[in-house]
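When a ligand or atom number is given, it counts from 1 through the structure's own listing order.
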Amino acid sequence: MKRDPCGFLKAEYQELVDKSFNWQLRTLEGPSAPRAKVEGRKVIVLCSNNYLNLSNHPKLKEAAKKAVDSHGAGSGSVRAIAGNMDLHLQLEKKIAEFKHREAALYYQTGFAANAGLLPQLVGEGDAVLTDELNHGSIIDGLRLTKAKRAIYPHNDLAGLESALKQADAEKARRIMIVSDGVFSMDGDLARAPDICRLAEDFGAMTYFDDAHGEGVLGGGRGIGTHFNVEGKIHVEMGTFSKAFGVVGGLIAGSQGLVNFAYNKSRTWLLSGSAPPATAAACMAALDVLEKEPEHVKRLWENTAYFKKEMQGMGFDCGHSETPITPVMLGESALAKKMSERMFQEGVFALPIVFPMVAKDKARIRTIMNAGLTKDDLNEALRAFEKVGKELKAI
Ligand SMILES: Cc1ncc(COP(=O)(O)O)c(C=O)c1O
């Protein structure tokens, strides 16, 4: 039989289409904003990670423009060769100060931080314990390690403790616990103080992915500050692509961690560094967070109002503790239909369906934005009520 070398491309794509698992991308025709132009329509955006509406903040835009003028469009290289700019170093100093940590390292993306660092922190003879709902970049990072992996049930401290006991009994050389800080599908929080306490008991390293906590929890400083366990988290990992409104990954912790990380993370060593405009905009984002606490305040005020009104109408909003508010619907088809109808009503809110969540746990995942006004929220709530009743979701 003669092979068709690329026949699988069409066949596998068609399989996704047949099962409705293919992504249908919506296109923004302008900036990411609380009210944005999406495919010709001005809609209220309830699914962006731009929690604080910083991606459009004048100070961030100004910083990016200035950096283009002073440093050019690109960095020219990987950091380790000739792409290490003063702006990268200034940003890392600022991240460390912001996080109240000794040192920090900036990666091109959060995904690159997880994929590059996790497999270096644990290897053969080690054990890594990971929450079953951790983000895909953690899963992929851990696929690259030879350490023994134990996946503990979501936020289950007893499950975590028994995995720690087993790793201890098996005399693991190093043990590391990895958890999302905020779980992005449900908006619930990792039990960080208990995890840190258990880690201490067993001499384990703690690694928190705070992609959805930074800019949101602890006045914007993240889960460590929120739970007052900053010094007990060995690796605080995060991203500038969400609440900070730009792009790029970060880790914060000890100087020892940073020295280790940049010498060993292959994604950092073997991939071009961030453009100067990006680094400058990230610095401006941290500056805004320090000087303008009103954005975080407004995010939480909006969140409280939206959750209360949605629950009052009879929607099941799961057990979120953060500005991620899932609207639990069950069936994938219902979630997709609802998202489509909401878009027609002027609200952009994406469905999350199997295989991203269990088959009977499809939902519309809403993410709050500090830039939405009370009028915007009321308009979105009216649309939810109308469509919810129409589709018998409430
Ligand atoms: C929990 C979590 N970790 C890591 C990432 C990756 O971050 P980045 O967008 O910076 O690659 C994401 C983004 O989707 C995330 O939600």
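- Around the NZ atom of K232, the shell of radius 6.0 Å holds no more than 12 heavy atoms that belong to other residues, nucleotides or ligands.
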**OP:** Show your working on salt bridge (Lys or Arg N to Asp or Glu O under 4.0 Å) between D194 and R197 and close with a plain yes or no.
**Re:** CA-CA 5 Å; D194 296 315; R197 180 182 45 77; 3.5 Å; yes
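- Those atoms of ligand 1 that come under 4.0 Å of a heavy atom in A211, given as number and element, are 1 (C), 2 (C), 3 (N), 15 (C).
- The protein heavy atom nearest to atom 3 (N) of ligand 1 is D209 OD2, 2.6 Å.
- To the nearest 0.5 Å, atoms CD (Q90) and CE (M283) are separated by 4.5 Å.
- Residue contacts with ligand 1 for T109 involve both N, CA, C or O and side-chain atoms from C-beta outward (heavy atoms, distance under 4.0 Å).
- Ranking protein heavy atoms by distance to atom 16 (O) of ligand 1, first place goes to H212 NE2, 3.0 Å.
- F21 CZ: more than 12 foreign heavy atoms inside a 6.0 Å radius.
- Atom 9 (O) of ligand 1 has as its closest protein heavy atom S241 OG, 2.9 Å.
- Near D180, meaning under 4.0 Å from any of its heavy atoms, are these atoms of ligand 1: 1 (C).
- No more than 12 heavy atoms of other residues, nucleotides or ligands shown are found within 6.0 angstrom of CG on N228.
- A distance of 12.5 Å separates CD1 of I251 from CG of D209, quoted to the nearest 0.5 Å.
- For atom 13 (C) of ligand 1, the closest non-hydrogen atom on the protein side is K242 NZ, 2.7 Å.
- Both tests do not hold together for R79 against Y262: distance to the six-membered ring centre under 6.0 Å, angle to the ring axis within 45°.
- Under a 4.0 Å N-O distance rule, the pair R365/D186 does not qualify as a salt bridge.
- Looking only at protein heavy atoms, the nearest one to atom 6 (C) of ligand 1 is F111 N, 3.6 Å.
- The shell of residues lying under 4.0 angstrom from ligand 1, judged by heavy atoms, includes S137.
- Residue, atom and distance of the protein heavy atom nearest to atom 8 (P) of ligand 1 are G110 N, 3.4 Å.
- Looking at atom 5 (C) of ligand 1, its nearest protein heavy atom turns out to be H135 CE1, 3.4 Å.
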